[in-house]
Amino acid sequence: MGKQPKTAITPTRAEDYPQWYQQVIKSADLAEVSPVRGCMVIKPWGWSIWENMQGVLDRMFKDTGHVNAYFPLFIPMSFLEKEAEHVEGFAKECAVVTHHRLEPGPDGGLVPAGPLEEPLIVRPTSETIIGSMYAKWVQSYRDLPIKINQWANVVRWEMRTRMFLRTAEFLWQEGHTCHATEEEALEETRLMLDVYADFAENTMAMPVIKGEKTADERFPGAVSTLTIEAMMQDRKALQAGTSHFLGQNFSKAQDITYQDQAGELQHAWTTSWGVSTRLVGALIMTHSDDDGLVIPPKLAPSHVVILPIYKNDEQRSVVLEYCDQLQKQLKEQTYEGEQIRVIMDDRDIRGGEKKWYHVKRGVPIRVEVGPRDIENGNVFMSRRDTGESNGVSRDEFVTQVGTVLTEIQSSLFDQALKLREDNSRTIDTLDEFREYFTPVDKDAPEIHGGFASSHFCEDAPEVQKVLGELKVTTRCIPLDQGQEPGTCIFSGKPSTGRAVFGKSY
RNA sequence: CGGGGUGUAGCGCAGCCUGGCUAGCGCGUCUGGUUUGGGACCAGAAGGUCGCGAGUUCGAAUCUCGCCACCCCGACCA
């Protein structure tokens with residue numbers, strides 16, 4: 001055996017964060033680039049994480065009174081044109097379908113034929129097509145509210161793509177609701193933000209800041225956009241979910257009207273909210289380490305992997321039998337009200353290789369079982385998050401496995417929260433702000449301060465200038481912290497509150 | 001779309017500047033053997049349109065031009 005690398009992933013996070021990210025995805029077999037530019041293939045292990053996310057979110061949506069439905073992939077181009085800001089926001093990145101047939105071309109290939117009368121766009125989001133249906137469905141105040149969610153793919157022709165974080169096609173859910181009053185729609189917007197924050201923190205073990213976007217970061221066509229912002233391990237911010245209060249902008253553009261109790265015709269109030277497969281990227285960048293992926297137990301496709309260890313056929317049958325029993329016992333245990341997910345890896349490959357395979361894929365708990373363990377009634381357990389491993393009695397392990405998973409889940413959250421807290425600062429002078437966001441090392445520009453909480457005023461031109469220079473953006477105006485008046489650090493003008501600033505994805 | 005980089009075996013890379021015989025290396029794979037609480041060791045083997053297309057040349061992985069893809073930085077965004 002040659003010299004061992006210290007870490008399973010090269011380069012390490014400190015050496016080259018973007019490369020590390022790519023390597024984690026590859027090593028954990030989450031996804032691959034596809035033959036189609038900007039699009040990715042999500043492989044079974046990665047898909048399974050997304051599936052688990054969907055499962056939890058879907059339950060949460062239903063618990064808050066939403067139902068699922070499905071609307072078309074294609075949207076008539078004219079629909080997009082109805083809401084002015086919406087057009088401006090999305091027109092640049094739309095894929096357009098102009099033909100409905102292919103015919104043999106002169107060079108033996110195929111050429112598009114049968115031009116469409118009206119081009120179709122591939123949905124970049126579905127406000128317009130869903131709104132057009134809502135306009136038909138809504139007549140009376142008795143028809144409201146409508147609270148529909150759809151799980152779908154969308155296409156945004158991005159210039160620059162990154163696995164999971166930004167791909168031309170991505171998967172998401174989009175909730176679209178329609179209400180009789182402004183208050184109710186605002187409440188919905190806020191409620192769904194809470195659902196997202198709850199999901200991020202309690203399921204993904206990823207702490208987030210809930211806040212409102214400034215005007216320039218707002219969803220095209222929205223009156224206000226609420227967001228959850230998370231800090232990745234390179235201290236950059238990632239927008240992890242958004243909830244939009246659309247006011248009457250879309251209902252006016254699309255004529256979604258109802259008769260109120262007085263018989264008056266009113267425009268409805270709408271919201272929309274979504275999270276995407278980007279969350280898988282967020283998960284990777286929040287928890288993974290230099291040995292590969294780390295998955296919080298609540299989302300892990302497998303909670304426990306059993307690795308049988310044996311030397312010969314005689315031991316093999318004994319060990320496999322024992323592991324089989326162990327697996328059955330473990331499956332009788334529960335975690336978060338569900339059966340523990342256990343896999344046994346009895347592939348005929350060497351133990352070390354097998355171990356690292358599962359380390360890189362982020363299985364929360366590994367159990368190695370060999371003849372000696374069996375003799376002593378033990379198992380050898382390792383935790384993926386801390387790397388600690390020790391022999392414990394089989395019975396103890398079986399009864400404690402749920403508890404250990406709970407510990408891992410909360411320890412991952414604590415660790416992520418600590419990273420954010422250690423890299424967040426309240427800043428009250430422009431000099432300190434500049435210093436904070438100027439990279440220590442020009443060749444590793446990702447090493448910078450983190451989050452800054454500072455007073456600012458939205459309309460001052462100085463703000464954009466400084467932010468542009470430093471490549472910093474306003475992440476959000478936090479909702480949960482009390483806002484006190486102060487002085488804008490950029491312009492010196494009076495400010496009504498602080499915003500969180502950071503470099504972002 | 002602008003700047004930079006990369007593209008050579010499944011993966012990671014060397015070779016390119018200063019063109020030259022059958023294009024190498026590490027890991028992995030296959031076969032045989034030795035091992036066995038651990039990403040093993042020895043021997044042998046398989047595996048390559050050197051991203052694609054033109055050009056220069058007696059000869060191109062190597063030089064020139066064009067194109068494509070990916071990565072990083074920017075503009076834009078979930």
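Letters A, B, ... mirror the listed sequences (proteins, then strands); counts begin at 1.
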NA contact type, [X], heavy-atom cut-off 4.0 Å: base, sugar-phosphate, or nothing?
{"X": "A:G391", "value": "nothing"}
{"X": "A:T242", "value": "nothing"}
{"X": "A:S504", "value": "nothing"}
{"X": "A:K471", "value": "sugar-phosphate"}
{"X": "A:G370", "value": "base"}

[atom1] gap between [N] and [M], integer Å:
{"N": "B:rG32", "M": "B:rG20", "atom1": "P", "result": "41 Å"}
{"N": "B:rG55", "M": "B:rG47", "atom1": "C1'", "result": "32 Å"}
{"N": "B:rG19", "M": "B:rU64", "atom1": "P", "result": "11 Å"}
{"N": "B:rU29", "M": "B:rG10", "atom1": "P", "result": "14 Å"}
{"N": "B:rA78", "M": "B:rU62", "atom1": "P", "result": "43 Å"}
{"N": "B:rG28", "M": "B:rC41", "atom1": "P", "result": "7 Å"}
{"N": "B:rU49", "M": "B:rA9", "atom1": "C1'", "result": "13 Å"}
{"N": "B:rG51", "M": "B:rA23", "atom1": "P", "result": "15 Å"}

Which of these nucleotides, [options], is closest to any side-chain atom of [X]?
{"X": "A:Q19", "options": "B:rA78, B:rC71, B:rG37", "value": "B:rC71"}
{"X": "A:T161", "options": "B:rA75, B:rC71, B:rA78", "value": "B:rC71"}
{"X": "A:A8", "options": "B:rC71, B:rA78, B:rG39", "value": "B:rG39"}
{"X": "A:Q22", "options": "B:rG37, B:rG39, B:rC71", "value": "B:rC71"}
{"X": "A:E158", "options": "B:rA78, B:rG74, B:rG39", "value": "B:rA78"}
{"X": "A:W356", "options": "B:rG39, B:rC70, B:rG37", "value": "B:rG39"}

*Does the ring of A:Y505 carry A:R278 above it, NZ/CZ under 6.0 angstrom from centre and within 45° of its axis?*
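Checked: cation-pi criterion not met.
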*asked:* Distance to the ring centre below 6.0 angstrom and angle to the axis at most 45 degrees; does that hold for A:R123 and A:F71?
replied: no
*Would you please determine if the base of B:rG37 is stacked by A:F380, with stacking meaning a centroid separation under 5.5 angstrom and planes under 30 degrees?*
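A:F380 vs B:rG37: stacking no.
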When both hydrogen-bonding distances must be under 3.5 Å and the geometry is Watson-Crick or G-U wobble, what is [N] paired with, if anything?
{"N": "B:rC70", "value": "B:rG5"}
{"N": "B:rC25", "value": "B:rG12"}
{"N": "B:rC76", "value": "none"}
{"N": "B:rG55", "value": "B:rC63"}
{"N": "B:rC50", "value": "none"}
{"N": "B:rC17", "value": "none"}
{"N": "B:rA43", "value": "B:rU31"}

*Under 3.5 Å, is there a donor-acceptor pair between the A:T473 and A:E217 side chains?*
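The answer is no; no qualifying pair exists.
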*asked:* Quiz question: by atom type and distance under 3.5 Å, do the side chains of A:D395 and A:S393 form a donor-acceptor pair?
replied: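 There is no such pair (donor and acceptor under 3.5 Å, judged by atom type) between the side chains of A:D395 and A:S393.
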In whole Å, I'd like the distance from the [atom1] atom of [X] to the [atom2] atom of [N].
{"X": "A:Y357", "N": "B:rC11", "atom1": "OH", "atom2": "C1'", "answer": "15 Å"}
{"X": "A:K360", "N": "B:rC11", "atom1": "NZ", "atom2": "P", "answer": "14 Å"}
{"X": "A:D29", "N": "B:rC11", "atom1": "CG", "atom2": "C1'", "answer": "12 Å"}
{"X": "A:L467", "N": "B:rG74", "atom1": "CG", "atom2": "P", "answer": "15 Å"}
{"X": "A:N376", "N": "B:rG37", "atom1": "CG", "atom2": "P", "answer": "15 Å"}
{"X": "A:E32", "N": "B:rC71", "atom1": "CD", "atom2": "P", "answer": "13 Å"}
{"X": "A:K354", "N": "B:rU36", "atom1": "NZ", "atom2": "P", "answer": "18 Å"}
{"X": "A:M159", "N": "B:rG3", "atom1": "CE", "atom2": "C1'", "answer": "15 Å"}

*Scan A:H176, A:Q254, A:E83, A:K82 and name whichever one has a side-chain contact (heavy atoms from CB on, under 4.5 Å) with A:E127.*
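Result for side-chain contact (heavy atoms from CB on, under 4.5 Å) with A:E127: A:H176.
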*Between A:M40, A:R156, A:E158, which is the residue that forms a side-chain contact (heavy atoms from CB on, under 4.5 Å) with A:T167?*
A:M40
Under 4.0 Å: is that the gap between some side-chain N or O of [X] and OP1 or OP2 of [N]?
{"X": "A:R162", "N": "B:rC72", "result": "yes"}
{"X": "A:K26", "N": "B:rG12", "result": "yes"}
{"X": "A:R37", "N": "B:rA69", "result": "yes"}

*Quick one: do A:E85 and A:N249 satisfy side chain to side chain contact (heavy atoms under 4.5 Å, CB included)? Show the steps, please.*
CA-CA 10 Å; A:E85 286 184 31; A:N249 291 351; 5.5 Å; no
*Which comes earlier along RNA chain B counting from the 5' end, the contact point of A:Y310 or that of A:T277, where each point is its nearest nucleotide?*
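Between the two, 5'-proximity favours A:Y310.
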*Hey, which of these two, A:S34 or A:L165, hits RNA chain B nearer its 5' end, going by closest nucleotide?*
A:S34
*asked:* Could you measure the distance from the OG1 atom of A:T64 to the CG atom of A:D198? Nearest 0.5 Å is fine.
replied: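 Spacing of OG1 (A:T64) from CG (A:D198) equals 10.5 Å.
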